[in-house]
Amino acid sequence: MEMVPSEEKQLVPKEIGSAAEEPRVLCIVQDTTNAKTVNERLTLNLPASTTVNKLYEDVAHKAGYVNGTFCLAWANTGNMAPLDQASEMSLVLSGFEAGKRNFLQLTDKDGEQPQIASDESGTADSSGLEDSSQDRFIGPLPRDGTVGCSSDYSSPSYSYSSILNKSDTGYVGLVNQAMTCYLNSLLQTLFMTPEFRNALYNWEFEESEEDPVNSIPYQLQRLFVLLQTSKKRAIETTDVTRSFGWDSSEAWQQHDVQELCRVMFDALEQKWKQTEQADLINQLYQGKLKDYVRCLECGYESWRIDTYLDIPLVIRPFGASQAFGSVEEALQAFIQPETLDGPNQYFCERCKKKCDARKGLRFLHFPYLLTLQLKRFDFDYTTMHRIKLNDRMTFPEELDMSPFIDVEDEKSPQTESCTDSGAENEGSCHSDQMSNDFSTDDAVDEGICLDNTSSTERVLKPKSSLTFELFSVMVHSGSAAGGHYYACIKSFSDSQWYSFNDQHVSKITQDDIRKTYGGSSGSRGYYSSAFASSTNAYMLMYRLKDPSRNAKFLEVEDFPEHIKRLMQREKESEEQEKRQREIERNTCKIKLFCMHPVKMMMVENKLEVHKDKTLREATEMAYKLMDLEGVVPLDCCRLVKYDEFHEYLERSYEGEEDMPMGLLLGGVKSSYMFDLLLEIRRPDQVFQPYKPGEVMVKVHVVDLKSESIAAPVSVRAYLNQTITEFKQLIAQATGLCAETMRVVLERCYNDLRLLYVPNKTLKAEGFFRSNKVFVESSDSTDHQAVFTDSVLWKLLDRHGNTIRLFVSLPEQSPGSLANRTSCPKASADSEDSLEGAKGSRKSVETILEESTEKLKNLSLQQQQQQQQQHQQQSSSTSDSQKSSEHSDFEHIESPAQEPDAASQSSQTENCTRAASDTENQFPSEDRSDSDANNDRSTSSVDSDILSSSHSSDTLCNADSGPLPLANGLDSHSITSSRRSKAHEGKKETWDTAEEDSGTDSEYDENGKRKADSQYLYFKAEPYSQEDGSGEGQKCLLVHVDKRITLAAFKQNLEPFVGVPSTQFKVFRVYANNQEFESVRLNETLSSFSDDNKITIRLGRALKKGEYRVKVYQLLVNDPEPCKFLLDTVFAKGMTVRQSKEELLPQLKDQCKLDLSIDRFRLRKKTWKNPGTVFLDYHVYEEDINISSNWEVFLEVLEESERMKSMSQLAVLTRRWCPAQMKLEAFREVVLESSSVEELKEKLSELSGIPLENLEFAKGRGTFPCDISVLEIHQDLDWNPKVSTLNVWPLYICDDGAVIFYRDSTEELMELSEEERNELMKKESSRLLKTGHRVSYSPRKEKALKIYLDGGPTKDPGQD
């Protein structure tokens, strides 16, 4: 089909461009139900009026499927629910776009493959499968039919629909819970073993004896029945793992499949005791072998018989570079005896002396089902890491085991004459013991005579009866650190090989089996390619070829009666699940909101309603969901379309009460672009109709006289209305006069726009879905002022910038301020106040009580001064400055105090004032008499920042009483939530001092407080914490303009803390309860948002040029070389010696360190590394860069300081003694230059090593550069060929570098294997304790256990 570009620059069929009147919809359908069709596309060009039902018919016809056996879903969304097949809605109304490409996916329905419309197509399909199976990829988790697929294991494109299902292969897959691929591989192998499956079916579960949930055989039985009879493409294994006693965390633990096989067989044996299946595992999987030692002088043989469930075959012998090439070679090596001679001679009981002997293993009996484990996981003693051996090892499809059976017993007369006592099978090893290397077992049982009972094993010795047929290959792909398991299994029904890869089941060929031999060239990436060398066979299962014993699978009609009943129950359960899915598929799930009349808050819930339920029924469901029964009548509630983000009521549904919700909401979808609101009215009100196209406006009425902003009134308008018409609409809703009305639109955060053009439309002014306006209508002269200079603008500006903070004050008791001064007073009685502070010990409570009386006098004094200021319009006098700097405040009453006391001093509003009118933020403000009134009332506490009763520079009284707001909302809560959303995207910055200038001063160059340079709003009131954190804890609820500086904020908090702002610190509390000190006094609170928490702590705040410093002690030879001592303060311009002098008394008082000033040094600290040694004459900020929250090392010296100049270099040296496998303690060497020759001379002088034999190397990593003694001799770069230390590869340019040195003539101590292992354990423990790198630190694996009692017991010491 020819394609042409459309208006949207997309390629569309040419017919669309030439279509007549009706537009057409282009549907592109991807069939994901079959691996062969997943890359194909079906294209349908349909009229826009086509119904969804007709679309299904057209797709069924074009795809060749029976209509109703598949689903169509959107392809460009995550988990979009399928389109409703019964829908009569047109494609356009269902979300399709005309003139554009609409991508759909054809998926299976209820887990079942779509039915082919004709038998011919089905035949062709199956034949095509045979052709394509030659090239099918069977590696880890294939995604499509291509070879070499490199998709990641967790590819998001993976889905049930992208794999072959039961209709193609006849088999069902298993869902991978997370990392349970090893379990799935073993379960599928057991399921495909006829003898095991049939025996499991013959066992009958007695519900009276055990809980079915905890019964492992019963859950395996259920799983096998589902694998054989289910119509699903894959089933879950959670019930099986639950019977193991596993929780969800086990799904994230990957284990070894051979280990699982052993543990599961042990668990089944325990569960099957006293039943017919008690010996099933032994009958099928157990073999016998003989572990023997034979004297080469007299022929005497000592032996014991062991049993095994699997045979571990070595891939590469220890110390060898060449691997075994085949399973036969590995089996021959397994039974190859070793000679015990020299120091390993064997003490012969017959010869009564040590003799040369031969030790080995002989197979006596092979099991019916032979399991071979290829030991691909090994330990590399060179790298000290666990590794995977990916060498090639072939295995035959038919394995003849007759060459490996024991025939020496018939030829050896000495075995018959053995008379030594012993017990047969004593210490016999099971499969877990067999996993060890038998050749290393020196412990041999006493001699046991071999009697004629061994003749029972000889029945299997004829060659014809020892041929085994391969039927399962469990493959591992990945590395020793982790990977993926899947199984290649041959069906005994049709001799066809299949790949069971979790959910994916597909046919494979012998070529695919040969690709699992391993050893192929290519990338060794984790999942890098289809058959990289990391993908190879790990466990093989063979079955003895014996027609008399080889069983066939039980067919459904031959099932025992209890299995038939189980199958019926599972079928009914599956049908019920299918019906439930159908209900889920037809259920609309949408967010529901409601302003709850009792809780007085917006409540959110999820409404789940069937698509056929009417709006009236859905309203009743929402009414019950919101717990409104008995609160409001049902007829006072209705559902409306709602946009929660914009707080916008889109439309109401008048006259549509009987319409189905599916039609009303636009179909069943996984998510909707809108929400529903359960709207509530009073009985005397009438619901207002909301029409599409209207915009919602929240109108806040502003009262300039009381400086209050009322709660919002909702008004709906049209975008084409003019400002004049809009004012008339507001006048009707609020009762204000439209002629004198000023309307201010808040377009975005604090962006205020005065709407003054009468004929301009709302759309032109920037109105959107949901809008917020402030209106004011009064006769004041404020109308004549420029908007940005008006009182209205100032009030709205303050409202938009005010935030609410929770401040926790420090706990204090009487006398806690003994060593602190009270707030300095700049007024006439300041001297008396200071003297009183010095002469007495006043508590915060006492100070607060005294200042309560002063507050009244101060308010009157300020009023008089303020009136004089407005009359004179001149700069403020020194008296007014002093008055403004008063730290007067009210006493904070605890919640337990009497109401009278609380009402007298309930809250305080404190406003910083301008130093002069010329500096005032509002110089042109006209004030009325009412503006200076101290006793005005304000609105409720909830909206106090909107309706504060204070004027621009008046200290105000408390609010009078709460004003209830409609619907439980107020303008403050709406604004604060908006503000919070606006701040959500901002990255919070931690408050730290400037590195170049330190903490900003609280005072400017003229000695004036910077906090006094601007008028900014501040209001505080006490509140009680709900968490009850301590009796003496005091908290404040502070409303403050966030443009205030930290210095001004601290000044306003002085009355409540009870000490000057220089004597307390401000800490910001973050979400995780971490506290960070705010120290930048010149920065504003703009990074804070509503409801942030602040903690005040007593302590001297930093002045300009001061830095808070953390001091750590450097202990170079301690296991913990870095020890915190104390916090202190260093100042710009201070010398290092001065800082040491200040540290001495602090070290003595706080750390009990009594030091001499010449016997310790300070040095640079970079994380844990010691750096530059600071000399006494160095000056901070001149010679030494210093920053906020700086860290420094303090090092105690054994002798006087040897570092005298910056040209010297101090390095820390440590001798390595290879003959003793020991590292000596650190010793400091001071060099006059960076010469390697000087370093060697100093080390030679220090250690006595001749200069020509001395070798050195630089330590790696962070101090103390710990390294294992097993690695240091060969891992470090010894004796680098350089002449100076400051060049590559050393780069030693600063003090504190670590140098290891040794004597090159000293030989390394020889260690036995046991000594090496013991030393490795000690070194690992030592390095773990010091927090440094461990040479071998494998991922800690959780032990694989199956709990027979239903679950693990909680062991406190268990990890």
Side-chain angles (χ1 to χ4, degrees), residues 993-999 1001 1100 1102-1116 1121-1151 1153-1213 1226-1235 1238-1239 1242 1263 1284-1286 1292-1298:
E994 297 286 351
E995 293 191 3
D996 57 344
S997 60
T999 307
S1001 173
R1100 186 169 77 79
L1102 300 179
K1103 298 177 183 178
K1104 183 170 183 176
E1106 289 186 337
Y1107 303 87
R1108 186 159 281 108
V1109 178
K1110 293 182 181 295
V1111 181
Y1112 293 81
Q1113 185 175 4
L1114 178 64
L1115 303 163
V1116 293
C1122 181
K1123 176 186 176 184
F1124 175 74
L1125 292 178
L1126 50 81
D1127 280 315
T1128 188
V1129 175
F1130 288 176
K1132 178 180 179 181
M1134 178 187 288
T1135 65
V1136 172
R1137 187 172 184 86
Q1138 288 173 335
S1139 64
K1140 288 166 67 176
E1141 290 172 350
E1142 290 197 5
L1143 273 175
L1144 282 174
Q1146 299 178 47
L1147 292 169
K1148 188 172 182 179
D1149 293 341
Q1150 299 182 39
C1151 308
L1153 285 176
D1154 194 0
L1155 302 175
S1156 167
I1157 194 167
D1158 296 322
R1159 285 304 177 91
F1160 77 93
R1161 65 160 65 132
L1162 299 180
R1163 65 190 303 168
K1164 183 179 179 181
K1165 178 180 182 290
T1166 307
W1167 194 36
K1168 296 181 180 180
N1169 298 312
T1172 309
V1173 175
F1174 299 148
L1175 305 180
D1176 283 354
Y1177 57 82
H1178 282 166
V1179 180
Y1180 296 115
E1181 282 288 21
E1182 293 181 12
D1183 304 308
I1184 303 169
N1185 291 327
I1186 190 170
S1187 61
S1188 179
N1189 294 320
W1190 199 46
E1191 294 182 347
V1192 66
F1193 268 131
L1194 181 150
E1195 185 178 11
V1196 179
L1197 302 175
E1198 296 180 358
E1199 55 187 9
S1200 297
E1201 179 65 80
R1202 291 183 292 163
M1203 292 288 290
K1204 302 298 182 183
S1205 73
M1206 290 297 292
S1207 62
Q1208 292 175 304
L1209 190 65
V1211 295
L1212 293 165
T1213 64
F1226 277 106
R1227 299 180 70 178
E1228 185 178 76
V1229 172
V1230 178
L1231 305 174
E1232 301 300 326
S1233 65
S1234 296
S1235 167
E1238 182 187 359
L1239 172 65
K1242 290 284 181 74
F1263 185 81
T1284 59
L1285 300 175
N1286 56 3
I1292 299 176
C1293 306
D1294 196 4
D1295 303 325
V1298 173

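Predicted, not measured: the structure shown is a model, and the values here were computed from it. What's counted below: heavy atoms across the whole structure, side chains too, no hydrogens, waters or symmetry copies.
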- Intermediate values then yes/no, salt bridge (Lys or Arg N to Asp or Glu O under 4.0 Å), Lys1110 and Glu1191: CA-CA 5 Å; Lys1110 293 182 181 295; Glu1191 294 182 347; over 6 Å; no
For the atom pair [atom1] ([X]) and [atom2] ([Y]), what is the distance rounded to the nearest 0.5 Å?
{"X": "Leu1231", "Y": "Asp1295", "atom1": "CG", "atom2": "CG", "answer": "9.5 Å"}
{"X": "Ser1233", "Y": "Leu1285", "atom1": "OG", "atom2": "CG", "answer": "8.0 Å"}
{"X": "Asp1176", "Y": "Glu1141", "atom1": "CG", "atom2": "CD", "answer": "9.0 Å"}
{"X": "Arg1159", "Y": "Glu1198", "atom1": "CZ", "atom2": "CD", "answer": "9.5 Å"}
{"X": "Arg1163", "Y": "Glu1195", "atom1": "CZ", "atom2": "CD", "answer": "5.0 Å"}
{"X": "Ile1157", "Y": "Gln1138", "atom1": "CD1", "atom2": "CD", "answer": "9.5 Å"}

Problem - Electrostatic pair Glu1201:Lys1140 at N-O distance under 4.0 angstrom - result: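 Judged by the 4.0 Å cut-off on N to carboxylate O distance, Glu1201 and Lys1140 do not form a salt bridge.
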*asked:* Which label fits Trp1190 and Phe1174: parallel for a plane angle under 30°, tilted from 30 to 60°, or perpendicular past 60°?
replied: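 Ring orientation of Trp1190 relative to Phe1174: parallel.
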Quiz item: Does a sphere of radius 6.0 Å around CG in Asn1185 hold more than 12 heavy atoms from other residues, nucleotides or ligands, not counting ones at 6.0 Å or beyond?
Solution: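 No.
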### Task
Determine, stepwise, if the pair Thr1172 / Asp1294 fulfils side-chain hydrogen bond (donor to acceptor under 3.5 Å, both in side chains).
CA-CA 6 Å; Thr1172 309; Asp1294 196 4; 2.8 Å; yes
Would you please indicate yes or no on a ring centroid separation below 6.0 angstrom for Phe1226 and Phe1263?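 Judged by ring-centre distance (under 6.0 Å), Phe1263 and Phe1226 do meet the cut-off.
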